[in-house]
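This report concerns only the one structure given below.
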Amino acid sequence: MAAQPTANPGVRLGWKGPGALASPSRLPLSRFAAAALPPRRASRGKFAVAAVTIDDYLPMRSTEVKNRTSADEIKSVRLITAVKTPYLPDGRFDLEAYDSLINTQINGGAEGVIVGGTTGEGHLMSWDEHIMLIGHTVNCFGTHIKVIGNTGSNSTREAVHATEQGFAVGMHAALHVNPYYGKTSTAGLIAHFGEVLPMGPTIIYNVPGRTGQDIPPSVIEALSGYSNMAGVKECVGHERVKCYTDKGITIWSGNDDECHDSRWKHGATGVISVASNLVPGLMHSLMFEGENAALNEKLLPLMKWLFCEPNPIGLNTALAQLGVVRPVFRLPYAPLSLERRIEFVRIVEAIGRENFVGQKEARVLDDDDFVLISRY
């Protein structure tokens, strides 16, 4: 099992207090790296010279990304999975299960993954965990699938810092939500996104049900002139999707139950999907093989079940019952009720077990099978 890095509680991205890193370009050597250097000997009239320069230890800046990708490459991607982050019983990442999930997405035809999004519970991660998982995904799978890191924040400073780090570890694009809770003005929205767009290809995520604030078309149109503006993950509905596609702005549906019609009737490029965690092959068919009302109708009960409680509660429960992740939840998430768990098994039987991820039979887990973690 791959070891997990230990977060340093004294240094957080965006923190400017004592001990903070003021800038990636002024990163000091750690005491471990410093100890590895030979002692410097100063002689009269000469400066001491270290055997290894400090620059050898600096992370890449956002202008030096290892997987430089154009916004046009991101715009062509139709099926993006907002991938689940699985956990070990102590609450750390289960990277073995995670790698299996990503491989399944690649084999099922997904072209991109959102790492640490709402579905991947990025909001329950430290920034150390978050950037590590993006880097891990890039290093293991970045040549086979587009890695889109959720580096958004309601703090512009944190969003800038996290995005710089994400591109430095090689992500192909960033996902950015508008500032939540501390809502801002239209001018503030434009300024916020304007700080991160120059760093690399960017998808803007509009989900008013979570942020409490709609991103109006006037903001998206103002930002569409940026060369790195890849498009919008839009959750408002078909009318908004058509509003943008008529203007040539790339749109991904953010709602699984609307994605078929958004794609084939309203011009959306594709979907950023939760359901594709479970049925990637069927979601690929839905996005690539033309209108298929029968398949869409077949999948709607699953899509509606997934969102009977706030995402990712349904997905976490489903993947555990399929035996592809451990039944471990980071609080405040808790599994669906027994009645809903029984309903999921019936949905699997109706769609066909062979269409779902994993090899084990779907089974109804008991309450005692789940582990709820509050400290990790």
Side-chain angles (χ1 to χ4, degrees), residues 4-17 19-27 58-69 71 74 80 82-83 85 93 98 112-139 142 146-182 184 188-189 191-207 210-211 215 223 226 228-230 233 272 330:
Q4 303 292 307
T6 302
N8 178 356
V11 179
R12 284 294 301 266
L13 291 176
W15 171 244
K16 298 296 184 183
L21 305 182
S23 165
S25 62
R26 295 291 182 268
L27 190 69
L58 288 176
M60 289 179 292
R61 299 175 179 84
S62 59
T63 55
E64 303 169 330
V65 295
K66 63 190 291 188
N67 287 318
R68 175 60 71 185
T69 303
I74 302 301
I80 302 171
V83 70
T85 306
F93 295 160
Y98 178 81
V113 287
I114 303 289
V115 179
T118 304
T119 306
E121 301 177 17
H123 46 288
L124 302 187
M125 299 177 189
S126 69
W127 278 118
D128 292 329
E129 290 179 309
H130 209 135
I131 300 302
M132 182 280 289
L133 191 60
I134 292 171
H136 171 82
T137 311
V138 169
N139 289 331
K146 295 299 183 190
V147 179
I148 302 161
N150 168 33
T151 54
S153 172
N154 61 346
S155 161
T156 304
R157 182 176 64 182
E158 286 206 5
V160 167
H161 196 164
T163 302
E164 187 169 46
Q165 295 292 309
F167 279 119
V169 299
M171 69 183 184
H172 300 101
L175 180 73
H176 278 280
V177 72
N178 53 304
Y180 42 87
Y181 184 74
T184 186
L189 289 174
H192 174 83
F193 291 123
E195 289 297 314
V196 294
L197 274 161
M199 294 182 179
T202 300
I203 297 173
I204 292 177
Y205 180 16
N206 186 34
V207 56
R210 289 186 180 271
T211 65
I215 304 175
L223 299 172
Y226 281 87
N228 283 326
M229 174 68 166
K233 177 185 177 183
I272 296 179
R330 281 185 175 183

Can you sort out the partners of Thr118 under side chain to side chain donor-acceptor pair (under 3.5 Å), two or more places apart, ordered by chain and number? none
What pairs with Thr137 under side chain to side chain donor-acceptor pair (under 3.5 Å), at least two apart in sequence or on another chain? Tyr98
How close do [X] and [Y] get, heavy atom to heavy atom, and via which atoms?
X      : Y      : answer
Asn228 : Pro198 : ND2-O, 3.3 Å
Ala162 : Ile131 : O-CD1, 3.7 Å
Ala82  : Ile272 : CB-CG2, 4.4 Å
Gly120 : Met125 : O-CE, 3.2 Å
Leu223 : Gly194 : CD2-N, 4.5 Å
Leu133 : Thr85  : CD2-OG1, 3.9 Å

Nearest 0.5 Å, what's the [atom1]-[atom2] distance between [X] and [Y]?
X      : Y      : atom1 : atom2 : value
His176 : Leu197 : NE2   : CG    : 7.5 Å
Ile134 : Asn139 : CD1   : CG    : 12.0 Å
Met132 : His136 : CE    : NE2   : 7.5 Å
Leu124 : His130 : CG    : NE2   : 11.0 Å
Glu129 : Phe93  : CD    : CZ    : 4.0 Å

Under 3.5 Å side-chain donor-acceptor pair for Trp127 and Glu158: yes
Expected list for residues 199-206: side-chain donor-acceptor pairs under 3.5 angstrom, two or more places apart:
from, atom 1, to, atom 2, distance (Å)
Thr202, OG1, Gly200, O, 2.8
Tyr205, OH, Lys233, NZ, 3.4
Asn206, OD1, Ile215, N, 3.0
Asn206, ND2, Asp214, OD1, 2.8
Asn206, ND2, Glu234, OE1, 3.4
Asn206, ND2, Glu234, OE2, 2.9

Note, Val196 side chain near Val160 side chain (heavy atom, < 4.5 Å): yes
Ile148 versus Met171: any side-chain heavy-atom pair under 4.5 Å? no
Quick check: does any side chain N or O of His172 sit under 3.5 Å from a backbone N or O of Val147, one acting as donor and the other as acceptor? yes
When you measure from the side chain of His192 to the backbone of Asn154, do you find a donor-acceptor pair of N or O atoms at a distance under 3.5 Å? no
